[in-house]
J.: 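Handing you this structure, nothing more for now.
Note that this is a predicted model, so its numbers are computed, not measured. Start at 1 and go down the list; that is how both ligands and their atoms are numbered. If you read the sequence from its start, that first residue is 1, and numbering goes on from there.
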Amino acid sequence: MKWVAVFCLVFTLVACQDLPLAEQCDEELCQLPDCRCSSINIPRGLQARDTPQFVLVTFDDNVNIINIDTYREVLYNRQNSNSCPAGATFYVNHEYNNYQLVNELYNQGFEIALHSITHQTPQTYWQEATPEIMAREFGDQKIQMAHFANIPYESLKGVRIPFLQLGGNSSFQAMSEYGLEYDCTWPTIAYTEPGLWPYTLDYASTQDCVIAPCPTASIPGVWVIPMVSWRDLNGTPCSMVDSCPIVPPFSDEDAWYRFIVTNFERHYLNNRAPFGFYIHEWYLAVNPAVKRALIRFLDLVNNLNDAFMVNSHEVIEWMRNPVPVDEYVQQPCRTFTPTLCSANSCGPLASEHNEVDYWMQICNVCPRVYPWINNHLGI
Ligand SMILES: *[C@@H]1O[C@H](CO)[C@@H](O)[C@H](O)[C@H]1NC(C)=O
Ligand SMILES: [Zn+2]
C-alpha cells in the first residue's frame, strides 16, 4: 500500500485512486504528535479546567477594500491574556481578491489559508472533484497565493472547500501531496456537547458526515479541524454563524452578545474543544449591532486567562504537544517572517475563462492574463 501512495505522489494520476481504506482507530498505535484518533477526549487526558480554550475566528472569501475595514476594526491590535497577539484565519479565494491586503493581513500576524482558485458553482463541482481538480484548486492556489501576496509558501497550511462541500478523499489527497496541514471544512452536528477535537486521517473518522462524501481512506498526517456546530435559538445546528436560521433581532446587540456567549459556554464549560466563530464579513457589515456584539465577545475572550484567540494552525501546534494552561502561557508567542509588498496594480487583464477584464492588486510583477485554474500564475 505504501508503494501505491508513493506512486500517486510522484505521478498524480487521476486513475490512481487505490488509497488504503482507513481502519478503525487504535489508540495504542495512533499517538501524538503525528496521529490522533477522532474523539471528544481532551488530548493527553488533561482536565478541562487545565485546558486552554482556543477560539478560532475565521472569515471566508476574497479580501477587498470594503471588508478590510471590518478586519482592521474588529481584529487588529488585540492581545490575549498571555500578552501574545490575538489570531484569526482568512480562507481566501482568488477571484477579485486583493493580494496587497492579504499581504497586510499576513504582516499583522494573521493566518492566510486557502479557499480555492475558482470558488465555482454548482456545488456538485466540489462534491465530484477528482484529486487532480483539488490539486489544481488548492495545491496551485498555494503557489499562487505565495506569489501574488508575497508571503511564504510554507505559511499556507489550511484549506476550506467552498460551500463546505467535501469531495471524499480527493481534497485530502491533494493536501497531502502539497504539504497542507489541516482542513476546516467538515461540520459536525453529532459531537457538539462535548465537542469533537481535531484529529488526523491516519485511521477511520467517527465524525458524522453532514455534507457527503466524507473521506474514508487513510491519509496519514492530514489534520481535520471539525467545525463544531453552533445551536441557533431553536436548537438547530449551524456551522457558520451567518447560516444560523433563528437568531436574535439584528439590531439587538445585547441579545447577540448573549447568543455568542451561550454558544461559547457549550465549549468553555465542557471539554473545551476549540470554539469556532466562522463567518463571512458581509454579515457584520450589514448588521453593526452583531459586529459590536462580536467585539464585546472578543474583549471578553482576551480578558479570560484560560481562553485564547489564535490562528488555526496554532491549535494544531498545541494538539501535537498539548500542555496545560499554566505551561501554555509560558510559551513564546507565535512568530512569522514579515514580508514586503512591492505593490503593483495590474489591468485590464484579459481572462481566458470568461469575457471579463480584471484588475489585480498584487505584490509582484503583473501577469500576462488573469490567472485562473490551469494557469494559476497567468503566464
Ligand atoms: C476513498 O478511498 C477509499 C479507499 O480507497 C474508497 O473505498 C472510497 O470509496 C473513497 N471515497 C470516495 C468518495 O471516492
Ligand atoms: Zn466561500
J.: Do any of the N/O/S atoms of His119, backbone or side chain, fall under 2.8 Å from the Zn ion (ligand 2)?
T.: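 Yes - counting backbone and side chain alike, His119 has an N, O or S atom under 2.8 Å.
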
J.: Any donor and acceptor pair, going by atom type alone, linking the side chain of Ser170 with main-chain N or O of Ala129 inside 3.5 Å?
T.: yes

J.: Could you pull out the atom name of the N/O/S atom in His115 that is nearest the Zn ion (ligand 2)?
T.: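 For His115, the N/O/S atom sitting closest to the Zn ion (ligand 2) is NE2.
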
J.: Under 3.5 Å, N or O to N or O, is Asn169 touching ligand 1 that way?
T.: yes

J.: Between Gln53 (side chain only) and Ala273 (backbone N and O only), is there a donor and an acceptor less than 3.5 Å apart?
T.: yes

J.: Ring centroids only, cut at 6.0 angstrom: are Tyr283 and Phe250 within range, meaning strictly under it?
T.: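 Yes, they do, as the ring centres are separated by less than 6.0 Å.
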
J.: Please confirm whether Leu19 comes within less than 3.5 Å of ligand 1 when only nitrogen or oxygen atoms on both sides are compared.
T.: yes

J.: So which of the N, O or S atoms of Asp61 lies nearest the Zn ion (ligand 2)?
T.: OD1

J.: Examine Lys157 relative to Tyr182 and say whether NZ or CZ is less than 6.0 Å from the centre of the six-membered ring and inside a 45° cone about the ring axis.
T.: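 No cation-pi geometry.
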
J.: For the pair Phe275 and Trp230, name the ring-plane relationship: parallel under 30°, tilted 30 to 60°, perpendicular over 60°.
T.: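 Parallel: the ring planes of Phe275 and Trp230 meet at under 30°.
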
